[in-house]
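Only one structure is covered here, and it is reproduced in the block below.
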Amino acid sequence: QVQLVESGGGLVQAGGSLRLSCAASGRTYRMAWFRQAPGKEREFVAGIVWSAGNPNYADSVKGRFTLSRDNAKNTVYLQMNSLKPEDTAVYYCAAALTYSSNYVRMGSYAYWGQGTQVTVSS
């Protein structure tokens with residue numbers, strides 16, 4: 001069993017920045033961030049493999065969001081810059097214990113955080 005604890009959400013004006021953190025209670029294979037806006041399906045935002053490799057991003061956040069990891073702390077960070085009102089959503093941290101070729105699919109992740117609200121005002 002892996003527990004994920006998220007922090008860092010809040011209210012920010014368009015063009016501003018926020019940093020989300022997700023601390024895992026144990027080592028996992030892959031960590032990711034998803035988000036869900038009102039009335040929409042949950043969607044993949046960014047993900048990273050613990051052992052190696054570069055992060056993967058959704059096209060909608062490339063160039064604005066940066067995902068990083070601190071292996072010693074079992075923590076991943078999502079730095080969100082140039083935020084837009086359409087980034088408003090509940091952001092969820094997710095963890096996978098094994099490899100999956102479809103890392104953007106929710107079903108590839110066994111553990112989820114409680115979610116943190118990000119609101120971007122125009």
Practice task
Output the distance between atom CG (Asn56) and atom CD1 (Ile48), rounded to the nearest 0.5 Å.
Solution key: 8.5 Å
Handout entry: CA sep, side-chain torsions, deciding dist, call: Ser17, Asn81, side chain to side chain donor-acceptor pair (under 3.5 Å)
Key = CA-CA 4 Å; Ser17 299; Asn81 298 329; 2.9 Å; yes
Problem - Any Leu20 side-chain heavy atom under 4.5 Å of Thr116 side chain - result: yes
Practice task
Please report the shortest heavy-atom distance between Ala89 and Gln117, naming the atom on each side.
Solution key: O-NE2, 3.4 Å
Practice task
Starting from Tyr99, walk the hydrophobic network (Ile, Leu, Val, Met, Phe, Trp, Tyr; side-chain heavy atoms closer than 4.5 Å) and list everyone else you reach, by chain and number.
Solution key: Tyr29, Val49
Handout entry: Point-to-point distance, once rounded to the nearest 0.5 Å, from OH of Tyr92 to SG of Cys22
Key = 13.5 Å
Exercise for the section: Check whether any side-chain heavy atom of Arg27 sits under 4.5 Å from a side-chain heavy atom of Asn71, and report yes or no. Expected result: yes
Exercise for the section: Measure the OG1-CE distance between Thr66 and Met80 for me, rounded to the nearest 0.5 Å. Expected result: 11.0 Å
Handout entry: More than 12 heavy atoms from other groups under 6.0 Å of CD on Gln3
Key = no
Handout entry: Side-chain heavy-atom pair Arg35, Lys40 within 4.5 angstrom cut-off
Key = no
Exercise for the section: Dump the intermediate steps for side chain to side chain donor-acceptor pair (under 3.5 Å) on Glu86 and Thr88, then the final yes or no. Expected result: CA-CA 5 Å; Glu86 50 264 44; Thr88 295; over 6 Å; no
Practice task
Please answer: with hydrophobic residues joined when any side-chain heavy atoms are less than 4.5 Å apart, are Val12 and Phe65 in the same cluster?
Solution key: yes
Problem - Lys84 with Asp87: basic N within carboxylate O range, under 4.0 Å - result: no
Problem - Check: Ser101 main-chain N/O paired with Arg105 side-chain donor or acceptor under 3.5 Å - result: no
Completion exercise
Minimal heavy-atom distance between Gly9 and Val118, with the atoms involved, is CA-CG2, 4.2 Å
Practice task
State, to 0.1 Å, how close Ser25 and Asn74 come at their nearest heavy-atom pair, and which atoms those are.
Solution key: C-ND2, 4.5 Å
Exercise for the section: Please confirm whether the backbone N or O of Cys93 pairs with a side-chain atom of Glu6, one donor and one acceptor, at under 3.5 Å? Expected result: yes
Handout entry: Short side-chain to backbone donor-acceptor contact, Tyr57 and Leu67, under 3.5 Å
Key = yes
Handout entry: Connected via hydrophobic side-chain network under 4.5 Å: Leu97 and Trp33
Key = yes
Exercise for the section: Write down the atom of Leu18, the atom of Gly8, and the distance for their closest heavy-atom approach. Expected result: CD2-O, 4.0 Å
Practice task
Decide whether a cation-pi geometry holds between Arg69 and Trp50; the criteria are a distance under 6.0 Å from NZ or CZ to the six-membered ring centre and an angle within 45° of the ring axis.
Solution key: no
Problem - Gap separating the OH atom of Tyr111 from the CG atom of Leu4, nearest 0.5 angstrom - result: 9.5 Å
Problem - Heavy-atom closest contact (Met106 atom, Phe34 atom, distance) - result: CG-CE2, 3.8 Å
Exercise for the section: Give the C-alpha distance, both sets of side-chain angles, the deciding distance and a yes or no for side chain to side chain donor-acceptor pair (under 3.5 Å) between Tyr77 and Arg19. Expected result: CA-CA 7 Å; Tyr77 304 96; Arg19 190 177 81 154; 5.1 Å; no
Problem - Check: Ser108 side chain, Asn102 main-chain N or O, donor-acceptor pair, under 3.5 Å - result: yes
Exercise for the section: Establish, yes or no, whether the cationic atom of Arg30 lies under 6.0 Å from the six-membered ring centre of Tyr103 and within 45° of the ring axis. Expected result: yes
Problem - In one Ile/Leu/Val/Met/Phe/Trp/Tyr side-chain cluster, 4.5 Å: Phe44, Leu78 - result: no
Exercise for the section: Answer with yes or no whether the hydrophobic clustering places Trp112 together with Tyr91; edges join I, L, V, M, F, W, Y residues whose side-chain heavy atoms lie under 4.5 Å apart. Expected result: no
